Number of protein chains: 2
Amino acid sequence: MKFSIAEENYIKAIYHLQQADGNVTTNELAAELNTKAASVTDMLKKLKTKKLLNYEKYQGFRLSAEGRKIALGIVRKHRLWEYFLVEKLQFGWDEVHAVAEELEHITSKKLIDKLDAFLDYPKFDPHGDPIPDSSGRMAAQKHINLIDLPLNEPAEIVSVGSQSTELLELLRHKNLSMGVIVEVKRKFSFDHSIEIKIKSQSPFIISQQLAQALFVKKI
Amino acid sequence: MKFSIAEENYIKAIYHLQQADGNVTTNELAAELNTKAASVTDMLKKLKTKKLLNYEKYQGFRLSAEGRKIALGIVRKHRLWEYFLVEKLQFGWDEVHAVAEELEHITSKKLIDKLDAFLDYPKFDPHGDPIPDSSGRMAAQKHINLIDLPLNEPAEIVSVGSQSTELLELLRHKNLSMGVIVEVKRKFSFDHSIEIKIKSQSPFIISQQLAQALFVKKI
DNA sequence: TTAATTTTTTAGATTTGTCTAAATTTTATT
DNA sequence: AATAAAATTTAGACAAATCTAAAAAATTAA
Ligand SMILES: [Mn+2]
Ligand SMILES: [Mn+2]
Ligand SMILES: [Mn+2]
Ligand SMILES: [Mn+2]
């Protein structure tokens with residue numbers, strides 16, 4: 001079956017929300033998609049009819065197995081295109097999300113598999129998120145939140161919690177990006193800010209909000 | 001101003017038709033887009049309002065200067081993507097058109113200019129059609145129709161008259177593609193078929209329709 | 001130069017995706 | 001448990017793009 005761009009955007013958004021939340025709510029999804037709750041309800045009915053969604057009125061919802069499969073296909077396309085934009089076209093890692101938001105809806109299966117081969121089957125996108133393979137499998141992320149990293153343990157930044165331009169702008173300003181090695185030097189309990197150090201730079205403080213948006217792997 | 005995918009498809013189709021025809025008619029455009037005349041009329045009104053079209057009821061129409069500029073931008077994207085698909089992703093030259101039909105609607109200007117650079121500023125797409133540069137300029141095609149090529153003059157195939165899968169399938173079957181050197185050996189006036197020869201292959205006959213779909217450059 | 005034919009436009013519906021405002025259901029608070 | 005607040009759904013409207021059928025205009029042919 002083929003899906004419209006609007007349907008695909010809903011499916012993908014539900015997929016991401018249920019990763020975090022388990023059950024997804026109407027308002028949550030409306031906020032995620034910058035639309036209104038009434039519009040969401042309409043689309044939920046349609047996706048339910050198409051058997052992509054387990055949904056009962058007022059009860060919240062989750063994707064069906066079939067819906068999850070569709071979602072993984074869209075996520076695969078999104079992340080492969082992001083990788084292409086950064087690795088081949090020299091985009092900054094903080095400017096690819098909006099373009100990939102469009103490219104992810106190109107329908108050719110052959111295109112995406114050939115792109116995957118051309119890129120040499122990358123496992124992670126520029127934000128550190130795993131890229132599903134053509135059957136929907138992807139590497140698990142066993143990453144810990146920077147806020148939970150013990151003091152003085154070097155760790156590598158491997159992913160970010162959101163793709164908002166605001167976040168990515170701040171990260172760029174602080175020279176924080178995928179692959180950078182960080183160490184937590186102090187934790188301030190008053191506001192939960194932390195002092196971190198990155199290679200050849202004096203330590204600096206980041207806010208709780210920023211630390212929670214960063215995931216690291218101990219090395 | 002931003003345009004919908006439907007609007008862009010109309011603009012591009014009008015551009016191609018007026019290249020051949022001068023003035024374009026409602027039915028012509030409906031046929032080109034596989035839609036109905038009534039739908040075309042509706043869209044013409046909209047494009048006129050947006051000043052992309054010189055159009056008076058019942059009089060036929062052409063793009064305005066602004067409309068032509070938009071059209072060239074879409075053509076540029078279409079042909080650059082086709083080049084990418086063939087040169088980088090190893091698509092056959094006969095299978096790229098449908099995918100490019102979608103990719104041409106991705107809106108990022110930065111994307112297309114970076115793609116152009118990545119491809120090293122190609123001048124022609126895989127079908128031999130010139131690719132407009134970022135200001136809309138492109139190489140002129142000074143090609144002659146294969147049906148008009150004099151006997152025994154070697155010439156190089158440089159473009160095809162349409163991208164229909166039917167045509168491209170036939171060309172592939174006959175080993176005819178961009179860059180192939182052909183010579184016309186005989187012309188049969190009964191049905192206007194011609195006998196041609198290509199490198200290391202015995203001569204064979206092609207129909208008038210096929211010969212008219214091929215453009216060559218004398219060498 | 002009428003009449004027939006073709007082309008084009010209009011009128012009225014339909015589908016998709018969206019919205020606001022009102023109604024309903026659920027959840028939280030007294 | 002009753003009431004207030006919040007979340008969700010329904011009702012009704014709208015814009016975009018399409019269609020069919022009918023009307024109007026232009027073209028062609030008698
Ligand atoms: Mn998207
Ligand atoms: Mn990403
Ligand atoms: Mn198109
Ligand atoms: Mn082409």
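On a predicted model such as this, the values are computed, not experimentally measured, just so you know. Worth knowing before you read on, the calculation uses all heavy atoms, side chains too, and leaves out hydrogens, waters and symmetry mates. Below, chains carry the letters A, B, ... as their sequence lines are ordered, and counting in each starts from 1.
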Round to the nearest Å and state the distance from [X] atom [atom1] to [N] atom [atom2].
| X | N | atom1 | atom2 | value |
| --- | --- | --- | --- | --- |
| Lys57(B) | dT7(C) | NZ | C1' | 14 Å |
| Glu56(B) | dT9(C) | CD | P | 11 Å |
| Lys50(B) | dA15(D) | NZ | P | 14 Å |
| Met43(B) | dC19(D) | CE | C1' | 14 Å |
| Ile5(B) | dT18(D) | CD1 | P | 11 Å |
| Leu33(B) | dT18(D) | CG | P | 8 Å |
| Leu44(B) | dT7(C) | CG | C1' | 13 Å |
| Asn9(B) | dA16(D) | CG | P | 17 Å |

| Check: Val99(B) main-chain N/O paired with Glu102(B) side-chain donor or acceptor under 3.5 Å |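 Judged by distance alone, no pair lies under 3.5 Å.
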Any side-chain N or O of [X] less than 4.0 Å from the OP1 or OP2 oxygen of [N]?
| X | N | value |
| --- | --- | --- |
| Lys36(B) | dT20(D) | yes |
| Thr25(A) | dA7(D) | no |
| Ser39(A) | dC19(C) | yes |
| Thr41(A) | dT10(D) | no |
| Asn27(B) | dT6(C) | no |

| Which part of the nucleic acid, if any, lies within reach of Tyr55(A) when heavy atoms closer than 4.0 Å are counted: base, sugar-phosphate only, or nothing? | sugar-phosphate
Selection from [options] that lies nearest to any side-chain heavy atom of [X]:
| X | options | answer |
| --- | --- | --- |
| Tyr10(B) | dT18(D), dT9(D), dT8(C) | dT18(D) |
| Ala6(A) | dA11(C), dT25(C), dT18(C) | dT18(C) |
| Asp42(A) | dT18(D), dT9(D), dT18(C) | dT18(C) |
| Lys45(A) | dC19(D), dT10(D), dT9(C) | dT10(D) |

| query | Judged by modelled atom types alone, do Ser193(B) and Asp191(B) share a side-chain donor-acceptor pair under 3.5 Å? | reply |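 Result is yes, a qualifying pair exists.
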| Do we see a donor-acceptor contact under 3.5 Å between the side chains of His127(B) and His97(B)? |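 Their side chains do not contain a donor-acceptor pair, so the 3.5 Å distance test is not met.
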| note | The answer to which of Ala38(A) and Tyr58(A) contacts DNA chain C further toward the 5' end, by nearest nucleotide, is Ala38(A)
| said: Classify the ring geometry of His143(A) against Phe124(A): parallel below 30°, tilted from 30° to 60°, perpendicular beyond 60°. | reply: tilted
| said: With salt bridge (Lys or Arg N to Asp or Glu O under 4.0 Å) as the criterion, how do Asp133(A) and Lys123(A) come out once you've worked through the C-alpha distance, each side chain's angles and the decisive distance to 0.1 Å? | reply: CA-CA 8 Å; Asp133(A) 69 18; Lys123(A) 293 273 176 300; over 6 Å; no
